[in-house]
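First the structure, in the form of structure tokens, and then the observations on it.
Just so you know, ligand 1 is whichever comes first in the structure, and atom 1 is the first atom listed for that ligand.
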Amino acid sequence: MSMSEPKIAVIGTGYVGAITSTCFAWLGGVEVWGLDTDPGRAGQLAMGQVPFYEPGLPEFLAETIATGRLTFTVSPHEALTDADVVFLCVGTPSGADGNPDLSQVESAARTLAPFLRDGTVVVNKSTVPVGSGNWVRTLLEDSLPRADRPAFQVVSNPEFLREGTAIDDFLFPDRVVLGGDESGLRRVAELYRPILEQAFEGGRPERLPELITTGLTSAEMTKYAANAFLAMKISFANEIAGLCELVGADAREVLPAIGADRRVGRPFLSPGLGWGGSCFGKDVSALVATGLEYGYTSGLLSATVEVNLAQRAAVIRRLQRELRVLKGRRIAVLGLAFKPGTDDLRDAPALDIIRRLLAAGAGVAAYDPVVKTLPPDLSAVRLAADVAEAADQADAVLLATEWPEFQDVDPSAVAAAMKGDLVLDGRNVLDPHAWASAGLRVVGVGW
Ligand code: UGA
């Protein structure tokens with residue numbers, strides 16, 4: 001590394017890139033450059049504006065920019081010249097065939113190649129299919145003249161942060177996973193030292209994250225397998241919840257009792273409308289696809305996806321059972337984002353369910369504390385300014401996303417606004433007694 005502070009470049013300032021660059025710069029001891037091809041995005045971030053919704057990030061970004069250690073640019077020359085460590089944080093959206101589209105990774109690698117020097121470490125944080133580290137290495141090598149090709153390293157550093165709690169997830173992880181060759185790993189581990197030792201203001205030295213070093217391919221596999229396990233855990237909870245409904249057991253009692261076993265653990269056992277977002281669906285499908293390339297059938301992973309989709313269909317059946325006819329009914333949907341704390345609508349269960357309701361001839365009104373626009377194909381949905389407005393004249397209310405504020409809603413105000421009395425709590429977060437006292441009939445998932 002150079003004698004001065006190490007220079008970190010982060011290519012791609014979307015969700016992961018913005019968090020990564022801001023957190024490393026905030027921790028100090030490094031100079032960080034965020035590089036994006038989109039001048040609008042780079043310009044916004046440079047002014048301390050966050051182009052997506054993430055609680056706490058705007059303040060954190062502004063504070064960090066003020067230290068002078070963090071700069072955003074569209075100039076590869078500025079960001080990449082003399083960079084010691086380069087993080088690839090570009091997007092890998094699902095392509096038309098279901099496989100991740102790696103064109104952004106490819107163009108990032110081509111941009112980076114001319115700036116590589118002996119000892120540069122290229123760290124992949126984008127979620128790329130297993131084996132992509134080798135592919136990036138080859139891409140970089142092939143972009144350079146064979147004669148005096150610098151000795152650079154490729155390291156995989158999968159990202160486990162969740163939307164809505166990304167800064168905390170970055171600063172207080174359970175583990176940091178680094179895959180690659182020994183010397184490259186050491187250099188990246190050094191950058192993570194403040195986090196690994198929790199040696200920063202507000203650090204929690206009583207809970208030190210684990211540093212896990214692996215081979216390149218194992219680190220890539222870990223990312224997919226970790227998400228697949230969490231998705232499977234939720235699908236398991238949902239499948240058990242379905243059985244509970246049939247036999248008359250209560251999933252709200254059963255699942256926590258399973259989770260109390262330390263071998264299982266309580267988190268990610270909440271039944272409901274299932275998982276959404278940009279990660280679980282994409283990653284589980286990619287893992288299934290990887291298996292198929294080897295003729296390997298991942299039955300458990302395929303079932304994980306099927307169970308998740310079945311939850312969305314089950315809500316419609318439940319509404320049909322309760323309301324008999326959906327055509328001409330007014331349904332109020334509370335919550336649109338795929339989970340609370342984000343404005344992200346990617347693969348949001350609420351949207352899928354709304355599409356099914358519209359197809360069945362129901363009218364839909366919706367309210368979300370943060371989401372204020374819907375995709376064009378949902379223009380028939382009436383977006384309300386609050387819960388009562390959404391519930392106006394409704395035959396049924398469906399709670400689709402468990403925004404905390406929904407627990408504080410006054411049930412009698414909802415009851416007064418509604419025409420019918422059915423409340424389907426798709427996330428099991430409402431107090432059924434309080435809502436029943438207002439004359440409403442609450443049904444949930446798994447009971
Ligand atoms: C997920 C992982 O949790 C992160 O560790 C990972 O880094 C990230 O994907 C990624 O690959 O980038 P995220 O998609 O932001 O993070 O959201 P989660 O908080 O994991 O929630 C996913 C979905 O599961 C949400 O729709 C949520 O409502 C649902 N969920 C979660 C349940 O239905 N039940 C539960 O018990 C927990």
Side-chain angles (χ1 to χ4, degrees), residues 12 14-20 52-55 89-94 100 125-128 157-170 172-177 219-220 222-241 251-252 255-256 258-259 264-287 304-305 307-312 314-315 335-353 368 399-404 406 425-429 444-446:
Y15 202 80
V16 170
I19 303 284
T20 302
F52 47 84
Y53 179 81
E54 178 65 27
C89 297
V90 294
T92 53
S94 276
K125 251 189 186 309
S126 300
T127 299
V128 291
N157 172 210
E159 187 46 72
F160 302 111
L161 49 83
R162 289 162 299 174
E163 291 184 25
T165 53
I167 300 169
D168 271 16
D169 289 345
F170 197 93
F172 308 106
D174 289 334
R175 80 303 205 189
V176 172
V177 177
E220 291 171 345
T222 301
K223 167 69 192 187
Y224 283 96
N227 271 357
F229 187 85
L230 293 170
M232 181 189 72
K233 215 175 162 189
I234 299 167
S235 282
F236 174 85
N238 281 325
E239 189 154 305
I240 295 296
R252 295 168 301 178
L255 288 161
I258 301 170
V264 177
R266 285 176 201 270
F268 279 70
L269 275 183
S270 304
L273 304 184
W275 39 267
S278 62
C279 304
F280 284 175
K282 180 174 76 121
D283 291 358
V284 180
S285 300
L287 208 45
T304 296
V305 176
V307 170
N308 194 55
L309 291 178
Q311 286 310 100
R312 301 175 183 188
V315 190
L336 295 163
F338 82 95
K339 66 172 189 180
T342 175
D343 64 353
D344 197 337
L345 290 174
R346 285 176 290 178
D347 197 23
L351 297 199
D352 199 357
I353 290 162
D368 187 284
L399 187 147
T401 312
E402 67 278 30
W403 285 97
F406 293 154
D425 182 357
R427 299 287 176 182
N428 290 347
V429 290
V445 180

Under a 4.0 Å heavy-atom limit, does K233 contact ligand 1 with its side chain, its backbone, both, or neither?
neither
Polar contact flag for R162 and ligand 1 (N/O pairs, less than 3.5 Å)
no
Show which atoms of ligand 1 fall inside a sub-4.0 Å distance from at least one heavy-atom site of E159.
7 (O)
Among D168, D169, I167, the one residue meeting side chain to side chain contact (heavy atoms under 4.5 Å, CB included) with L161
D169
Just say parallel, tilted or perpendicular for the rings of F280 and W275, cut-offs at 30° and 60°.
perpendicular
Counting only nitrogen or oxygen atoms and a 3.5 angstrom limit, does G276 reach ligand 1?
yes
Any N/O pair I234/ligand 1 closer than 3.5 Å
no
Look only at interatomic distance and state if G277 has a nitrogen or oxygen under 3.5 Å from any nitrogen or oxygen of ligand 1.
no
Heavy-atom contacts under 4.0 Å between L269 and ligand 1: side chain, backbone, both, or neither?
backbone
Output yes when the distance from some N or O of ligand 1 to some N or O of C279 is under 3.5 Å, and no in every other case.
no
For R346, the side-chain contact (heavy atoms from CB on, under 4.5 Å) test, sequence neighbours excluded, returns E163, S278, D344
Just let me know how L161 lines up against ligand 1, side chain, backbone, both or neither, with a heavy-atom cut-off below 4.0 Å.
backbone
